[in-house]
Peer 1: 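Take a look at this one; I'll ask things after.
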Amino acid sequence: MADRRSFNVKLFIYDLSKGLARQLSPMMLGEHTSIVVYGEEYFFGGGGILSCFPGGTILGMSDSTVDLGNTEVPRDLFQEYLSSLRESTYRPEKYHLFEHNCNTFSSEVAQFLTGTKIPSYITDLPSEVLATPFGQALRPFLDSVTITPSGDNGMNGYGQW
Amino acid sequence: MAENSGTDPAVETNIEENAAASATIIKVTVKTPKDKEEIAIAEDSSVAQFKEEISKRFKAKQDQLVLIFAGKILKDGDTLGQHGIKDGLTVHLVIKTAQKSSSGSSQTSASSGPGPSQGNTAETADPSPASNLGTPEGSGPSPTPTQPPNILAGFGDLSGLGNLGMGSANFMELQQQMQRQLMSNPEMLSQIMENPLVQSMMSNPDLMRQMIVFLYSNFNILFLLVKTMELARNPAMMQEMMRNQDRALSNLESIPGGYNALRRMYTDIQEPMFSAAREQFGNNPFSALGGNTDNSGVQPSRTENREPLPNPWGPPDSAATTTTSGTASTTSSTTSSTTPSVSNPLGISSSSLGNGMFNSPGMQSLMQQISENPQLMQNMLSAPYMRTMMQSLSQNPDIASQVFMNNPLFAGNPQLQEQMRQQLPVFLQQMQNPESLSVMTNHRAMRALMQIQEGLQTLQTEAPGLMPSLIPGGMAAGIPGAPLPTGVNVTPENPPPSGQGPAPAPTPAAGTNTAQQQLMQQMLQMFAGGNASTPTPEVRFQQQLEQLSAMGFINGEANLQALIATGGDINAAIERLLGSQPS
């Protein structure tokens, strides 16, 4: 932590509404985002906070990238931060498709690392969807979908990671 | 106004007091991952002073605190003003836990697994909490906080995504175990992220992408495939089903207006369905067929049509000849229309199916992919989330049906949806049947399905006379080509003890719907139960039926269905029967 190296922080945005996926399932909503820093991609999903190398999720490379600037936060500190998050608000079971999803996580981490937020159209998406009749119709289903670590009940929210 | 309690060093106190006089007190929100607090501090305080307040409030040692603002680490020597920290702003705080030395030693790597898709490594790796399993080949330069009690946690943690490409059949158990451990030791998670194996596992995006496709089409494909497999397992059953369906259809046609109803059915059901499919799979082979139906405004002849049925797997135009058929065959009046009955939930006749659904390039490519990617299917099916999804869906049939119905393939067809809805619980139960899963994960089985399809095609051309009774009733392309001929003559591979062979199933022609339903349920149940050679439900559940009626459940029909649905479990059947009563 002594050195003041600065690390670039990027936001990866994946547009999930393309191709077969959308046609076959109305569940795919909006976009998945992840934060890329220290050469790794961090995101929040059904399995909790996870990371991989950039572009390494099943979604491949992002559709668009937003540069969030730089952070001085060193990696080990960030890891600590993440572990705290994992114990609190970003446990796997806390995943909620609409209200507490990957975009929530990206937003919070972006805020932590750089002080800037991610584009609002991403974070606003769930409320927009919920405002539609379709979203409301889906809501009972989505609410019933819970993510539990035991893996026996509920479904890992693959609708919007 | 400073609510800062008097700190020990008088200096600080003085400073605070002075601050009250010389600088404004600002309220800064200090946010940790777990919670946040508002701390009032003098505007010109130094970071060190700020930390002091924080340490009191958060009950942490000052040197454990790391403050971050706007992406910068606040050093003790800085001042708040230097960083632009003003009233109402939020500063992030990380409280460093006691560092556990080794970054690397922990976790991961351990899985030692070489390949990413070697989910097996998860199995083989030692699941016991071994903290220093391997070298920290991991990722980063920075040490990870804690020892990973379990390297396999890396796998478990990827349940959401990582599963997709990974895994073996045992993955599920492993993962659950992992997750349990994870919950008890969250710090493991951070190391999981460092796991190079984890990272490499994610490195197969193509496979993963395929999974997405399969995920969303799974209900369609899997449902059909499952049905296919039932047929494969019991061709005699299938034959009976076909016969019953034929019977039902002929009955339907004889009803005044029935023919038109059938035709309408086709237009209403299949057109949109396969148009939707066309979007995905690139062609709607039924459009030609659909055009033919309009021409067939002729009433069925009401006599048995002895013309050979068109080759369902042949070119679409050949189907035109059957537009006026009033045969007992499932193709009925409108070539590809078929009553979407229970036994034929998709309302697809074999002809259309042959041409369309499973022969379309898209579907074929999917089937191809399935058979070429045994891992794919297996992974998908063995992934815990799949199971949980199935379970949750089976527990919430309404929701499941909603999701299902919204699928564009079924859109615009309320009858079809109804069928699906009815089928759903059993279907879901099937999906959870390990045996059915194993069949589906068996790529040889998948390959067999394709062969079946081809076999049927061959059969069509070679022996068109066989077709009337060989039409799979729209169950799917995966009809066993080999056993089929024998199936026609009764003895299938699994000679069912009771009269399932040549004789029509215990379903009289009159009660076709019921019969079909029973038949269907029986088939489904058989499949779900994994027993290919069970007798008819009535025979199988004879004892239970007697018991039920002795208990006062006099509705034999309902009893039978309940028993079928519960696989002969009397108690569960009773519950079903009781639950179905209006209350």
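Keep in mind the model is a prediction, meaning the values are calculated, not measured. Order of the sequence lines sets the chain letters (A, B, ...), proteins ahead of strands, with each chain counted from 1.
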Peer 1: Name the member of G115(A), S84(A), A110(A) that forms the most heavy-atom pairs with chain B at distances under 4.5 Å.
Peer 2: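 If we count pairs closer than 4.5 Å to chain B, S84(A) comes out on top.
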Peer 1: Ring centres of Y42(A) and F78(A) under 6.0 Å apart?
Peer 2: yes
Peer 1: Less than 4.5 Å to any heavy atom of chain B: does that hold for the side chain of L113(A), its backbone, both, or neither?
Peer 2: backbone
Peer 1: Could you look at Y38(A) and say if it's the side chain, the backbone, both or neither that has a heavy atom under 4.5 Å from chain B?
Peer 2: neither
Peer 1: Any idea how H92(B) and Y81(A) line up, ring-wise: parallel (<30°), tilted (30 to 60°), or perpendicular (>60°)?
Peer 2: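 Because their plane-to-plane angle is over 60°, the rings of H92(B) and Y81(A) count as perpendicular.
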Peer 1: Please name all residues satisfying side-chain hydrogen bond (donor to acceptor under 3.5 Å, both in side chains) with Q111(A), sequence neighbours left out, ordered by chain then number.
Peer 2: none
Peer 1: Supply the atom-to-atom distance T33(A) OG1 to F12(A) CZ, rounded to the nearest 0.5 angstrom.
Peer 2: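 Reported value, rounded in 0.5 Å steps: 11.5 Å.
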Peer 1: For L89(B), is it the side chain, the backbone, both or neither that has a heavy atom under 4.5 Å from a heavy atom of chain A?
Peer 2: neither
